[in-house]
Each structure stands twice: as C-alpha cells, then as structure tokens.
Amino acid sequence: MSDYSPANIEPKWQKSWDDAETFRATATADKPKYYVLEMFPYPSGRIHMGHVRNYTMGDVIARYKMSTGHNVLHPMGWDAFGMPAENAAMASGGHPKEWTYSNIATMKDQMKPLGLSIDWTREFATCDPEYYGQQQALFLDMLGQGLVYRKNAMVNWDPVDMTVLANEQVIDGKGWRSGADVEKRELTQWFFNISSMGEELLEALDGLDNWPAKVRLMQENWIGKSRGLEMTFPMSTPAHGMDGITVYTTRPDTLVGASFIGLAANHPLTVALAADNAELAAFCEDCKKMDTTEAAMEKAEKKGFDTGLTVENPLGGDPLPIWVANFVLMDYGTGAIFACPAHDQRDLDFARKYGLPVIDTFFAMDDDTPVADEAFVPAKTEKVRWINQPAGLTEATGEEAIEATIDWAEAKGLGTGKVQFRLRDWGLSRQRYWGCPIPVVHCDTCGVVPEKKENLPVRLPDDVSFDIPGNPLDRHPTWRDTPCPACGKAAKRETDTMDTFVDSSWYFARFTSPHADTPTDAAEAKYWMNVDQYIGGIEHAILHLLYSRFFARAMNDTGHLPKSAREPFDALFTQGMVTHAIYQTPNENGRPTYHFPEDVDLRDGKAFLKNGGAEVQVVPSAKMSKSKNNVVDPINIIEAYGADTARWFVLSDSPPERDVEWTASGAEAAFKHLGRVWRMAHNIGDAQDNPAEDTALMKAMHKAIFEVTQGVESFGFNASIAKLYGYAATVSKSKAGANAKRTAMLTMAQLMAPMTPHLAEDIWTHLGGEGLVVNAPWPIADEAMMVEDEVTLPIQINGKRRGELTVAKDMPKEDLEKLVLAQDAVVKALNGGTPKKLIVVPGRIVNVVV
RNA sequence: GCGGGCGUGAUGGAAUGGUAGACAUAUCAGACUUAAAAUCUGAAGGGGCGUGUCCCCGUGUGGGUUCGAGUCCCACCGCCCGCACCA
C-alpha cells in the first residue's frame, strides 16, 4: 500500500477547489456573510513563517465559517508602495514597478501551495493604477469635506531616506526605517484632519468588545484626552505686541503653587525675543536638537533661560518670572505652562536648579512635611488637605479640586475649561516616487486646485531614474506640466506622494468591490462590511488600526461606506510570531558566530556543530532573522513535509496570541501524526459491528466534535489540535466495527479540514464522503451522546485528594454521602468521629472537612 | 517615570475557584527486526521507605479570603511589551 504523500495529494485537491471555484465570494441574500481578513503583506519577495501562521489562522476561520453556512469573503492583496522598492532600484538600477510586481508574482507562487481558501479574483496591489486612482478620488472627496488640508509645519525630515516622517514613524529620534537621526524642517504639507475625530475614535473604543484590551488601551493612550483649564496671565509689561501668556493646565487646582511661567523654545514670544537676543537664540537652537536626538539620553536634564519678563499673578502675590524651558513643547496645549514645582517633578527639578520658589498647595491627610526633592503627586482620587485653595476647598480629592477650580476660574472670567488631545493631525506628504500621487495642481493664478475626477488616475510616470537622491518626480522633464483644472492655464502637478499608510487604510473596503469604478460599490460594501474577523500583528496596534478607523469614518462621511461601517473591524485578533532557536559559538573577538540549524546536531538536550563537534550555545525563542541564521523558509518545509504539516504545526504548540517556537522535531512530529491519521483512514478493516464498542466510539466522536468546535470558535486552535490528538488515539485503540470506524474517520476528516484541508479531502473521498469536505456542513455534537452514565468523583479530605468514587451520574445526594462516609480513607480520617462539614459539588467533587 | 501583561516539569504549554502538569517535544523502557530505520505499546513533577488505591513537598516569594487557590485579594521579586518632558 502506498503511504501518505502530500506531494501527490496537495496539488490534486487544490486543483479541485480551483475547478469548482470553491472560494469565490458571492453576495447572496439566502446566507449570512462572514468577512475574514488577514493583514495583507508587503511584497518583500519571500513569504516567511509568520505569514504562514497568520494566513493559516484566517484560513481555519474562513473554512469553518464556510462549513457553517456562511458566504465567506477571504481576500488577499499586496501593500505594494513603499521605499524598499526605491532602495532596490537605487541599489541595482531596476525599476520599482518591475521589482514590486516580480516580488508579488514570486510570493503568490509561494503562497499558492499552502492551499488557502482565498478568492484570488479579488486580488489587487495598492500600486495598481486602478487602486490608487480610486484612492485619489477618495482624497478629493475628503478634501471637499475638510478632512484633508494643507499647512506649514515643522516636520520630521529623514536625511537618509530624504523624506518627511510622521511623528509615530520617529522612534527615539531616529527614522523608523533608516535609523538615521531625524531633523526638523519647515515645509508645506498635506494633513488628514484625524484630530477632528479624536473624541469619536476614543469613545468608540468602548464598543470594541472583540478587540484585545491591550490594543484598545494603547489607542486610548495615543489619543490622550485630558480636561483642564486654559487661562491667560497678563504680562507685567507688554512686549513684542503681546500682553498676556496663555497656558493650558490639567492641574488648575494647584494655581496657588505657581512659581514661574515656562515657554517652549518655539513659542511666538520666545521667537520674538530671540530675534534680538543671541544668547536666547543659541539656547533655542540647543532645545531644537534636544527635541530629536538627545531627548532620550538627557531626558532628566532640565534647562532654562530667564527672559527677565514677568506676568501678574491673578491670585495676587508677586509677579511670576517668564522662563524659556526645554521641557515645554510647542505642539501640545498652548506651548506655555505655569509651573507648580511642589506637585510636578519636572517643574521641581527646574525650580531647584534655578532657585525658584517651591510652594506647597496641599498636604497628605496625615503628613505635613513640605516638599523637598521629590514632588508630592498623589493619585487624583486621593483626599488631601488644601492650603488657600482658590475655589475655597479644605479637604478634597484632586479630581474634585480640578473641577471646582475650573468652575471658579470660569465664574471669575480667568479662563475656560478645555479638552485637549495628544492625537495630532496625520501628515501624509512624502517626497518619494513610489507612492500614490497627491491629485492636485499648483496654479499661479488659482493656487492649489484639485485635479478633476475624470482625469484620474494621476499616473506615476515610468521613465524615471534613481541615480541621485531625492524625488524623481521633481526632476522629471514633463510629468509636472498640466493645465490648471480651474482656469486651463499651464500649471504644475504636486510632486509629493502619499504616506503608504494611506494605501492600507481602506483596502479592506476595496476588497468588497475591487474593480468598481468608484472607491466602493454601495451594495457590495453594505453586504460585506464589516470585517468580521481581522487578524494581524500587534505591531499595528496604533498606526494602521487607528488610521483605518479614521478612514472608515471619512469614507462614511464622503458616502463610500455605510454608517454601520464607521467602525470597520468587528473583531481583531493579534497573533504571535514564529520564533526559532539561535545557534551560536563565540569567535575570536568574543562575538557570536551564527550557525544554520541544518549545521547543528541536537543530542542529550545539547547542540553540537556537525562539522568539528564543538558545543553550540542555544538561544531559544528568538525572532527569525536573516542575520542570525535562524530563518526557516516555508518553501523548504512544504517541499519536505507538505503544506498540511506546516499549517498543523504553526497552530499546534502555542496559543495563537503567543509566539510559537519552530522546532524541527515538532514539524517532524506533526508530519508523523498526519501520516498516522492517513493510515488509520486506509486501514478501517472489515470488523463486524460491535454495539458496545461502537457506542463508546460514537460517544468519543461527539465529544471530539464538541471540543474541537469550541476551540475553533474561541481562537483556541492549539486546544482543538490537542483534542484531535486525543481523538486519534481513541479511534486508533477502539475495537469498534468497521462501520463505526468509518463514521469516526469521516468526522475526523471534517474536524481536521480547517487545519489540514488537503489531507481531509483525501480521507473524506477515500471513505466515501459525499462531494468535497470543504462543502460539507460542519458536524454537530449530539448532546445526548455526550452524557456519561457514571462519573468518577475525587474525594477530598480537608481539600486534599484522598481517593475517588465512581457512581451513577444521577445518584441522590444522600446516597452519595453515605458512600463517601464509608470510604476507607474517610473512615480512617474521621477516626470514629463525625465530619464537620460535607461539601458535594454535583458531578465534580466531594470534600469532607474533618 | 507612567500604563499594561506574564511567572506552572528538561521544553512549548493545559486547567468555568473543584483530581495541577491535558496535548506535544526531548528522555527512558518494551514489542516487531539478524540489525537499524519506520511503526506500535508503555513510563515519566520532586523526594521518601514502609513499594502502597502509601506518605511528604510542589504553579516566582511572603501573607490573606475560602470547605477548597495556578486561578480571587494585598505586598514584594523577576521578565516582557507599549508610551515617554503631553503641563
């Protein structure tokens, strides 16, 4: 008899699915829909194990939903714009377009053998003119609604990539991609007005019950809503046309403790003063550098510059000096603060350094110690005793004092309560070639004019070169030239392209009608949206997901999505990485030399080099990385064991949200198990029916159906697989007749089908299952078959297990208690006495308290 | 610094407040074999001697709640992640 051969099986069943167009998503009224989406990949050129795990999880859900009577939409596409393509063009002289499309072709070839249930007819790349043309249409509609605007802004300039970066693309003062120190530059930029939706984006987080709490919290912190008081301190002597300093504070309750005013280095007053004060100008230059590169290293160092000016204190008392302080930021609040050193560590550090007063405004309930070197900052919910509180409070929590003081200040006309967000508008302009052109024209007469929709897409020119840094669109001989859409005179195109995060902010909506000649088709979008289950990496917790939430709202506002899709992802799952041990030996410099897994022998829990036998240090569970030689290529695994083994293994060993470590022995074991199941299906035998054994097997089958289903429903794929191992062992050992075994194995095929679809089809057909297993309805566990007549109860004495008792499930409590008290262990423990207490948890446990 | 999460065998991990360690890896033993591979069966948290349906200890540490705690509460230790001069 032949043996389990994935190389024969897998292409065969893939062809059957293709021929039957099994995965074609069609909107029909007779079935509920289910939209499952995995975050689409960047076409780097090769798929990796992380992709395999991500897509397999989505595939399990998609196939399961198909078999439970849903129209399933499970699409795939390519996040295809971005700098690596340009970098490759610079390095090797090719064209970003060719590089990208060739990578897409390669990766698709690598993905196809996985047997994913993807509707490839909906595939697109974001660099397809058909896609980015609709993105331009969307941009114009958003422009019309005031959701996009232009402003001068200090931007983060990456000197290596020669482009602007969003705040969130700057990590520790360095470009997220290039790692270069980021500089500040002032440019006219396009911005999405995401902050106008801050409140809604924050409030709607509450409704996202099927998102990880962690992601919701990260977004909440990112949006950063706070309530405080905006008030103006009148200047003692007006200067540079200004007669007051407006500050924002979340702690107006500590106004009594104000000791100085702090201005940002780029506050308008600072800038005006620096114009004729070289020393201050030099100080401000220092601050600008700190903002980017040195911030991380010298975070504790507070520096300031005394302007010599003062403001009047609205509470009476001495005027407050105005300082320029390096820790005050222009782009939050008003760029000016009042400092209360007693209750803010930064202010205190500053005050101590420059000898400014420290005024306690409240004390703990049981402690009068004045603040020394540590600011007193209790939780806002803690009750404290106030000194000269402006609103007249004596004992109150911070929360109460803040609200009371805002009311007081408003009544006195000193200021107004204000809500502030950390979330800032999203700068989308990029000075790059390989991105979606911003569809506007600059006209000397008309200014900035939107391109007409009938002229879309504004296509990228193909004849560009990358031999000099900077944007090839800027230096293209003719591309910029175009008539002004308003007056028809000669004008110039915008040469900035869009941040690639724009491309991925609405692709999920485009998948509902990928070839419509508007961004979406209303009927299709209404049927398929929302995404029922979105799956991807935690690294997208803030940027991609927040931007997508914004875009879904913007698309609703511009009529491209229904209101119900303003929150586009009903459920989000963030999966863990696939890791692999690193094998390293120290070289002569003491630095590690990395060895490929295939060069290492594993014996007795240790690792040795095959060549030379030297012992190798093993670093477990490290992220796969080419530079560490610990990457496992899915293609090699598929060739060696087949796709089903790869799929089974990446799901098996760890819960989906955690990292899973790829081990050669684990993959081997997965392959062996699939072979075992295959042989079981081919060795049913011809045993006669055996009622007792048959019933026992059918009971086990229904239990397996129940448990595996539960695992799939709850994203516990590893649990489902553990149950399938157990079920396989039960079937294998069963003495049931051939009919019952055949039934048991047909169910096995169905239960395994979402994880190992090719093997499942093969078994299903071999055992005479009707049609394709992918189309078979999911088995339903029969509750009656899962009822056990007898239960084994553990008997505890004082909470410790001391024996067990097998009794009829429905035995009356009194009879059970009698039996328990007659147990040897219980009799011994009671030693002739009576139990203090007898706890019977029906069907679970008995505890005797002695 | 702020916020969040996690600590269970050699390893990955399982366990609605109810038999801790399912399932898998690695390990060991047995069967089959001339032998090996493959396959199948079984053992296995640690310790004890009295070898048993035995006893003691055991889920980072210390307390607490409970008839009963890996699970709930408090404090501490360690690790991981996110944010970070946001007034």
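Numbered from 1 within each chain, the chains take letters A, B, ... in sequence-line order. The structure presented is a predicted model; accordingly, all values stated were derived computationally and were not measured. Computed over heavy atoms, backbone and side chain alike; hydrogens, waters and symmetry mates excluded.
Among the nucleotides B:A87, B:U16, B:G68, the one closest to any side-chain atom of A:Asn847 is B:G68. Checked against B:G82, B:A24, B:C67, the side chain of A:Ile542 finds its nearest nucleotide in B:G82. Picking from B:A14, B:A87, B:A24 the nucleotide with the shortest atom distance to the side chain of A:Pro655 gives B:A14. Of the candidates B:A24, B:U19, B:C67, B:A24 carries the atom nearest the A:Ala669 side chain, counting heavy atoms from C-beta on. Each of B:G3, B:U25, B:A87 was ranked by its minimum atom distance to the side chain of A:Thr249; first place goes to B:A87. Side chain of A:Lys733, nearest nucleotide from B:A22, B:C67, B:U41: B:U41. In the set B:A24, B:G3, B:A87, the nucleotide with an atom closest to the side chain of A:Ser226 is B:A87. The nucleotide whose nearest atom lies closest to any side-chain atom of A:Val328 is, among B:A14, B:U19, B:A87, B:A87. Distances were taken from every side-chain heavy atom of A:Ser654 (C-beta onward) to each of B:A87, B:G12, B:A24; the shortest belongs to B:G12.
Across all strands shown, B:U41 pairs with B:A29; the Watson-Crick or G-U wobble distances both stay below 3.5 Å. Across all strands shown, B:G7 pairs with B:C77; the Watson-Crick or G-U wobble distances both stay below 3.5 Å. In this entry B:G18 has B:C67 as its Watson-Crick or G-U wobble partner, both defining distances falling under 3.5 Å. Base pairing annotation: B:C2 forms a Watson-Crick or G-U wobble pair with B:G82, both donor-acceptor distances under 3.5 Å.
To the nearest whole angstrom, the two P atoms, one in B:G17 and one in B:A69, are 14 Å apart. If you take atom P in B:C74 and the same atom in B:C6, they sit 14 Å apart, rounded to whole Å. The same atom, C1', is picked in B:U61 and in B:G70; the two are 15 Å apart, to the nearest Å. Nucleotides B:A14 and B:U71 are separated by 13 Å at their C1' atoms, to the nearest Å. To the nearest whole angstrom, the two P atoms, one in B:U27 and one in B:U11, are 15 Å apart. Distance noted for atom P between B:A44 and B:C23: 12 Å (whole Å). Nucleotides B:G58 and B:G7, compared at atom C1', are 15 Å apart to the nearest Å. For B:C28 and B:C76, the C1' atoms lie 41 Å apart once the distance is rounded to whole Å.
Nucleic acid contact for A:Glu661: none, since no nucleic acid atom lies under 4.0 Å from a heavy atom of the residue. Within 4.0 Å of A:Asp344, counting heavy atoms only, lies no atom of the nucleic acid at all. Residue-level contact check: A:Ile839 touches the bases, meaning some heavy atom is under 4.0 Å from a base atom. Using a 4.0 Å heavy-atom criterion, one finds that A:Tyr248 contacts the bases of the nucleic acid, with or without backbone contacts as well. Nucleic acid contact class of A:Ser665 (heavy atoms, under 4.0 Å, all strands): sugar-phosphate only. Residue A:Val841 is classed as a base contact, given a heavy-atom separation below 4.0 Å to a base.
Enclosure of atom NZ in A:Lys353 by more than 12 non-hydrogen atoms of other residues, nucleotides or ligands within 6.0 angstrom is indicated. Annotation for A:Lys703: atom NZ does not count as buried by contact number, only 12 or fewer foreign heavy atoms lying within 6.0 Å. Residue-environment remark: NZ (A:Lys741) exceeds the threshold of 12 foreign heavy atoms within 6.0 Å.
Checked against the 6.0 Å centroid threshold, A:Tyr641 and A:Trp648 do not count as a close aromatic pair. In summary, the aromatic rings of A:Phe671 and A:Tyr4 are positioned with their centroids under 6.0 Å apart.
Between A:Lys672 and B:A37 there is no side-chain polar atom (N or O) within less than 4.0 angstrom of OP1 or OP2. Contact annotation: A:Arg658 side-chain N/O to B:G12 OP1/OP2 distance is not under 4.0 Å. Regarding contacts with the backbone of B:C40, a side-chain N or O of A:Arg676 is found under 4.0 angstrom from either OP1 or OP2. OP1 or OP2 of B:A87 has at least one side-chain nitrogen or oxygen of A:Tyr332 nearer than 4.0 Å. A sub-4.0 Å separation between OP1 or OP2 of B:G5 and a side-chain N or O of A:Lys214 is absent.
Between A:His580 atom NE2 and B:G12 atom C1' there is a gap of 14 Å when expressed in whole angstrom units. The interatomic distance linking A:Lys353 (NZ) with B:C85 (P) rounds to 18 Å, in whole Å. Distance A:Tyr4 OH to B:U39 C1': 17 Å, rounded to the nearest Å. The separation between A:Lys800 atom NZ and B:G68 atom P is 12 Å, rounded to whole Å. Here the C1' atom of nucleotide B:A14 and the CD atom of A:Glu657 are 13 Å apart, to the nearest Å. Separating the CH2 atom of A:Trp662 from the C1' atom of B:U25 is a distance of 14 Å, rounded to the nearest angstrom. Separating the NZ atom of A:Lys723 from the P atom of B:A14 is a distance of 12 Å, rounded to the nearest angstrom. Rounded to whole Å, the distance from CD1 on A:Ile797 to C1' on B:C55 is 14 Å.
Evaluation of atom-type donor-acceptor distances gives a pair under 3.5 Å for the side chain of A:Lys302 against the base of B:C85. In terms of polar N and O atoms assigned as donor or acceptor, the side chain of A:Arg802 never comes within less than 3.5 Å of the base of B:U19 in a complementary pairing.
Sequence order on RNA chain B of the closest nucleotides to A:Phe421 and A:Asp659 puts A:Asp659 first from the 5' end. Along RNA chain B, the nucleotide nearest to A:Lys380 and the one nearest to A:Asn718 differ in position, and the one closer to the 5' end is contacted by A:Asn718.
Applying the 90° cutoff around 0 to the glycosidic angle, B:G9 is assigned syn.
Contact record, A:Phe421 with A:Tyr332: O-CE1, 3.8 Å, taken as the closest heavy-atom pair.
A:Lys303 and A:Asp286 are not joined by a salt bridge, as no carboxylate oxygen comes within less than 4.0 angstrom of a charged side-chain nitrogen.
Under the side chain to side chain contact (heavy atoms under 4.5 Å, CB included) rule, A:Val846 has a single partner from A:Val820, A:Val807, A:Leu805, A:Leu819, which is A:Val820.
Side-chain atoms of A:Thr246 and A:Thr232 include a donor-acceptor pair closer than 3.5 Å.
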